Amino acid sequence: MTYDPTGHLLLTPVDQEAPARVRRLRELGLGERPDPAFDAFADRLAEVTGAPYSMVNFIDENRQFFAGLHTPTGTHSGTHSGADLAAHGTVSRYMARDHGYCPHVVVRRKALVLEDVCDYPRFAGNPVVDEIGIRSYLGAPLIDRTGTTLGTICVVDTEPRPWGRAGLETIKSLAAELVEQIHRREDGRV
């Protein structure tokens with residue numbers, strides 16, 4: 001964590017790897033448009049975990065992009081803010097980098113389990129809690145063969161969820177599976 005000049009704790013971690021990640025994402029052709037294969041993966045992720053929302057998330061210096069997205073209604077847009085879930089029942093494919101928990105997963109390079117985000121002062125103040133109503137998060141990094149953390153896969157809920165060890169193992173296993181799918185794409189074996 002870092003502090004701003006006024007001494008306030010900043011909730012989003014500093015991401016030194018962002019420029020290298022952006023170069024790698026461009027090299028792979030990822031993170032700029034929705035992808036039906038990633039939407040299908042997000043659907044499967046939601047089904048396996050029982051979560052109402054799931055994402056395949058690629059992160060650059062300023063924003064997060066959900067190349068794969070599952071919502072309970074199947075409704076999402078490309079241009080609205082994260083507050084759309086609360087206001088209209090839609091979820092945007094874009095989110096500011098300082099919203100949500102995926103930036104923490106990317107910088108930590110480790111899975112993150114938050115059964116009730118309100119139990120963690122560091123995470124309870126995140127804008128997605130008040131603006132969107134997120135109460136539970138489970139996410140894992142997508143680390144490719146070059147060692148670059150491309151982004152995350154994650155599931156969220158508006159209710160606390162007891163993800164437990166089984167949830168952690170599931171999300172990590174699915175992240176490894178998606179990284180292998182990305183490698184097959186890169187190798188032209190899709």
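Position 1 is the first residue of the sequence; numbering continues from there. Reckoned from all heavy atoms, side chains included, excluding hydrogens, waters and symmetry mates. Predicted model only: the values in this text are computed from it and were never measured.
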So with a 6.0 Å cut-off around CZ of R145, is the heavy-atom count from everything else above 12?
yes
R135/D119 salt bridge by N-O under 4.0 Å criterion:
no
So, H104 versus F123, ring centres under 6.0 angstrom or not?
yes
For A51 and V156, which heavy atoms make the closest approach, and how far apart are they?
CB-O, 4.0 Å
Side chain T149, main chain G151, donor-acceptor under 3.5 Å
no
CZ of R93 to CG of D39, rounded to nearest 0.5 Å, is 4.0 Å
Quick one: pull up CG in L45 and CD in E177 and give me the separation to the nearest 0.5 Å.
10.0 Å
From CG (D157) to OG (S54), nearest 0.5 Å
11.5 Å
Nearest heavy-atom approach of E115 to G164 is OE2-N, 2.9 Å
Please determine whether side-chain contact (heavy atoms from CB on, under 4.5 Å) holds for the pair L25 and L150, giving the CA-CA distance in whole Å, both sets of side-chain angles, and the decisive distance to 0.1 Å.
CA-CA 7 Å; L25 288 170; L150 302 173; 4.0 Å; yes
Say whether, by atom type as modelled, one donor and one acceptor occur between the side chain of E186 and the main chain of L28 under 3.5 angstrom.
no
Using the rule that two of Ile, Leu, Val, Met, Phe, Trp, Tyr join whenever any of their side-chain heavy atoms come within less than 4.5 Å, decide whether M95 and V107 are in one cluster.
no
Interatomic distance, CG@L138 vs CD1@I171, rounded to 0.5 Å, equals 4.5 Å
I'd like to know if the side chain of T49 and the backbone of V155 have a donor-acceptor N/O pair within less than 3.5 Å.
no
State which residues pass salt bridge (charged side-chain N to carboxylate O under 4.0 Å, His left out) with R33; sequence neighbours excluded, sorted by chain then number.
none
L174 with I143, same ILVMFWY side-chain cluster at under 4.5 Å:
no
Applying salt bridge (charged side-chain N to carboxylate O under 4.0 Å, His left out), which residue pairs with at least one partner in residues 100-114 are found, sequence neighbours left out?
E17-R109
Least distance between heavy atoms, Y94 atom then E32 atom
OH-O, 4.2 Å
If you apply the rule side-chain contact (heavy atoms from CB on, under 4.5 Å), what do you find for Y53 with H70, and how did you get there?
CA-CA 5 Å; Y53 301 93; H70 171 87; 6.0 Å; no
Side chain to side chain donor-acceptor pair (under 3.5 Å) involving E27 - partner list, sequence neighbours excluded:
R24
Taking all atoms of both residues into account, what is the closest heavy-atom pair of P141 and A175, and its distance?
O-CB, 3.6 Å
Name all pairs fulfilling the ring pair (Phe, Tyr, Trp, His ring centres under 6.0 Å) condition that reach into residues 137-168, sequence neighbours left out, sorted by first residue then second.
Y101-Y137
Side chain T170, main chain A166, donor-acceptor under 3.5 Å:
yes
D116 and P160: which non-hydrogen atoms are nearest, and at how many Å?
OD2-CG, 3.5 Å
Taken to the nearest 0.5 Å, the spacing of M55 CE from C154 SG works out to 5.0 Å
In residues 59-69, what donor-acceptor pairs under 3.5 Å come from side-chain atoms, sequence neighbours left out?
from, atom 1, to, atom 2, distance (Å)
D60, OD1, N62, N, 2.8
D60, OD1, R63, N, 2.8
Q64, OE1, N57, ND2, 2.7
Q64, NE2, A96, O, 2.9
Q64, NE2, H99, O, 2.6

State plainly whether one hydrophobic cluster holds both L142 and V48, where clusters connect Ile, Leu, Val, Met, Phe, Trp and Tyr through side-chain heavy atoms under 4.5 angstrom apart.
yes
Where do I182 and F38 land on the side-chain contact (heavy atoms from CB on, under 4.5 Å) test, with the steps shown first?
CA-CA 10 Å; I182 291 168; F38 293 149; 4.2 Å; yes
Between R161 and G50, is there a donor-acceptor pair closer than 3.5 Å when you use the side chain of the first and the backbone of the second?
yes
Hydrophobic cluster membership, Y120 vs V129, 4.5 Å side-chain cutoff:
yes
Heavy-atom side-chain proximity of R44 to L178 below 4.5 angstrom
no
Within one Ile-Leu-Val-Met-Phe-Trp-Tyr cluster: V22 and V106, side-chain cutoff 4.5 Å:
no
Who passes salt bridge (charged side-chain N to carboxylate O under 4.0 Å, His left out) against D15, sequence neighbours left out?
R21, R97
Separation between CG of D144 and CG of L30, rounded to the nearest 0.5 Å:
9.5 Å
